[in-house]
Amino acid sequence: MKIQYLPSEDELILEIYPVKNRPNKKLGHFKLWWDKEGNIRAIAITKCTDELNDFEKNLNIVQLGGIWKGIQITDEDIQEVREMLLRRLEEKW
């Protein structure tokens, strides 16, 4: 098993077993290699530093979907709900 970073291509590769040909599948920023039995042989993340920067930038942001899509939850909302939950817990005990 080896892990390598290719700065010229901004690609991080985890090679579990040696691979020599092209990836079996490309999914967005991921490349996957697998064998005939379906076992993953290697995984590559392309544009790795871009993804890492976006991840660090959006670390405290959660994308809401479904009926919550477009709703923004503020720190005040979180504080109100936290206080309400604490009151309910105090009532139980």
Side-chain angles (χ1 to χ4, degrees):
M1 183 182 327
K2 72 177 181 178
I3 189 165
Q4 63 181 344
Y5 176 69
L6 306 173
S8 61
E9 298 178 26
D10 192 20
E11 187 171 76
L12 181 68
I13 302 172
L14 171 62
E15 198 171 297
I16 302 165
Y17 299 103
V19 291
K20 295 185 180 177
N21 27 347
R22 289 192 244 165
N24 296 79
K25 189 75 171 175
K26 291 182 182 179
L27 301 166
H29 293 287
F30 294 96
K31 296 178 187 176
L32 299 169
W33 289 263
W34 58 78
D35 59 17
K36 293 176 184 174
E37 291 82 33
N39 300 315
I40 294 178
R41 298 186 63 86
I43 299 172
I45 303 172
T46 58
K47 298 182 183 174
C48 184
T49 55
D50 290 345
E51 289 297 307
L52 182 60
N53 290 337
D54 286 345
F55 175 75
E56 289 173 349
K57 191 184 328 175
N58 298 322
L59 196 57
N60 295 321
I61 296 174
V62 175
Q63 295 292 329
L64 300 174
I67 62 171
W68 293 98
K69 190 171 186 168
I71 302 295
Q72 292 187 356
I73 299 174
T74 64
D75 288 336
E76 292 81 21
D77 295 332
I78 294 169
Q79 188 62 35
E80 285 177 28
V81 171
R82 185 177 290 151
E83 289 170 3
M84 180 188 67
L85 288 172
L86 286 172
R87 281 194 303 271
R88 286 186 181 178
L89 284 172
E90 287 175 358
E91 290 172 3
K92 272 200 158 196
W93 305 107

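These numbers come from the heavy atoms of this one structure, side chains and all, not from hydrogens, waters or symmetry mates. Small disclaimer: the values here were computed from a predicted structure and weren't measured.
- Atom-to-atom distance recorded for Glu83:CD and Arg87:CZ is 6.5 Å, nearest 0.5 angstrom.
- Distance check: Lys25 NZ to Trp34 CH2 gives 6.5 Å after rounding to the nearest 0.5 Å.
- Note that CG of Leu12 and NZ of Lys47 are 15.5 Å apart. Values are rounded to the nearest 0.5 Å.
- Taking all atoms of both residues into account, the shortest heavy-atom contact from Asp77 to Gln72 is OD2-O, 4.0 Å.
- Taking 4.0 Å as the cut-off between side-chain N and carboxylate O, Lys31 and Glu11 count as a salt-bridged pair.
- The closest side-chain donor-acceptor pair between Tyr17 and Asn39, if any, does not fall under 3.5 angstrom.
- Closest approach of Tyr5 and Asp10 over heavy atoms only: OH-OD1, 2.6 Å.
- Nearest approach of Ile16 to Ile40, heavy atoms of both residues: CD1-O, 3.9 Å.
- Atom-to-atom distance recorded for Glu80:CD and Leu85:CG is 12.0 Å, nearest 0.5 angstrom.
- Considering only heavy atoms from C-beta on, Gln79 stays 4.5 Å or farther from Asp75 through its side chain.
- A 4.5 Å side-chain heavy-atom check between Leu14 and Met1 finds at least one atom pair inside the cut-off.
- No side-chain donor-acceptor contact under 3.5 Å links Trp33 to the backbone of Pro18.
- Across all non-hydrogen atoms, the minimal contact from Val19 to Glu15 is N-OE2, 3.8 Å.
- Within the 4.5 Å cutoff, the side chain of Ile43 has no heavy atoms near those of the Ile13 side chain.
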